[in-house]
Structure formats: C-alpha cells, structure tokens
Amino acid sequence: MYPEYPNIDLQETGRRIQSVIREAGYSVREVQDYLHLSCPQPIYRWFKGQILPSLNHVYALSKLLHVCMEDLLVVKDEKLQERIVDSRQENQWKRVLLYYRALCNVA
C-alpha cells in the first residue's frame, strides 16, 4: 500500500492565485504579459479552478508575486498537509542536530 500524498484543490488554489495577484496589485493583463501568454483565458481558467497553471507558470508567478510556490497552492486534505509540514520540520531539526554534532565533533 502506498502512503498518502497531498492532492491540490483546484478551486481553492484558483481563488488563492487570484487573491494573491490582486493583493499584489497586478491586473490579469499584466500577468498575461509577464507570462508571455497570447490570451488571458488560461488565467481566468486558473481562477475558476478549471485547470492548474503549469509548473513553469507557478514558478514565474511565485517570483513575480514574491511568494513561495507552495504558498500559491492549496492542498485538499488539511490534516495531511499538517502532517507533511510536521514531518518537514522534524527533518529540518534532524539536519540541524547532525550539523551541530559535526561542528562539535560529537558522536
């Protein structure tokens, strides 16, 4: 059996992308131009949760909007997301501890 993995909530992600773009003061036209899109329809489809932006577009949006890529995405199962975050934090602490031990030559 495979472990659970997070699924992206298309509609909530679309709402978040729209919100972050508006809060940053960008128009759809400005985002369209920045992403070199020939028309604005894909952006409106993102907002409606019909499709997700490509990975390249998520990356470009994160740079334009000065946010992390993950901040643009909404996970369906919040409890699963919390477990993933907890696991990440635990792994970070393990790396810090290993680094500290290496610096101090502690076994």
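In this text the structure is predicted, and so the values were computed from the model without any measurement. Both backbone and side-chain heavy atoms feed into the values below; hydrogens, waters and symmetry mates do not.
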Participant: Applying the 4.5 Å side-chain criterion to the ILVMFWY set and letting contacts propagate, would Leu55 and Leu10 be lumped into a single cluster?
Facilitator: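 No, no single cluster joins them.
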Participant: What do you reckon, is OH of Tyr34 surrounded by more than 12 foreign heavy atoms closer than 6.0 Å?
Facilitator: yes
Participant: Do Val67 and Val74 belong together in a cluster built from hydrophobic side chains that touch within less than 4.5 Å?
Facilitator: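 No; Val74 is not reachable from Val67 via cluster members.
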Participant: Would you indicate whether the side-chain heavy atoms of Leu61 and Val31 approach each other to under 4.5 Å?
Facilitator: yes
Participant: Counting C-beta onward and ignoring hydrogens, is there a side-chain heavy-atom pair between Phe47 and Arg15 closer than 4.5 Å?
Facilitator: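 In short, these two side chains do not touch, never coming nearer than 4.5 Å.
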Participant: Can you measure from OG (Ser27) to CG (Asp33) and round to the nearest 0.5 angstrom?
Facilitator: 7.5 Å
Participant: Report yes or no: does Ser62 contribute a side-chain atom to a donor-acceptor pair with the main-chain N or O of Cys68 at less than 3.5 Å?
Facilitator: no
Participant: Any idea which heavy atoms bring Pro53 and Ile17 closest together, and the distance?
Facilitator: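 Where Pro53 meets Ile17 most closely, the heavy atoms are CG-CD1, 3.8 Å.
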Participant: Does Ile21 share a hydrophobic cluster with Ile8, counting links as ILVMFWY side-chain heavy atoms below 4.5 Å and allowing steps through other members?
Facilitator: no
Participant: Looking only at atom types and distance, does a side-chain atom of Glu12 sit under 3.5 Å from a main-chain N or O of Asp9, one as donor and one as acceptor?
Facilitator: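 Not a single qualifying donor-acceptor pair exists.
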Participant: Quick one: do Val20 and Met69 end up in the same hydrophobic cluster if we chain Ile, Leu, Val, Met, Phe, Trp and Tyr together by side-chain heavy atoms under 4.5 Å apart?
Facilitator: yes
Participant: Check residues 35-46 and write down every donor-acceptor pair under 3.5 Å in which the side-chain atom is one partner and the other belongs to a residue at least two apart or another chain.
Facilitator:
unit_1, atom_1, unit_2, atom_2, d
Trp46, NE1, Pro42, O, 3.4

Participant: Kindly indicate whether the side chain of Val75, heavy atoms from C-beta on, has any atom under 4.5 Å from the side chain of Asn7.
Facilitator: no
Participant: Is the shortest heavy-atom distance from the side chain of Glu23 to the side chain of Leu65 under 4.5 Å?
Facilitator: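 The answer is no; the side chains never approach within 4.5 Å.
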Participant: For residues Gln11 and Lys48, report the shortest heavy-atom separation together with the two atoms involved.
Facilitator: CG-O, 3.7 Å
Participant: Under 4.5 Å between any side-chain heavy atoms of Thr13 and Leu72, yes or no?
Facilitator: no
Participant: Calculate, to the nearest 0.5 Å, the distance between atoms CZ and OG belonging to Arg22 and Ser19 respectively.
Facilitator: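 Arg22 atom CZ to Ser19 atom OG measures 8.5 Å (nearest 0.5 Å).
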Participant: What heavy-atom pair brings Glu70 and Arg16 nearest, and what distance separates the two atoms?
Facilitator: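 Glu70 and Arg16 have their closest heavy atoms at O-NH1, 4.5 Å.
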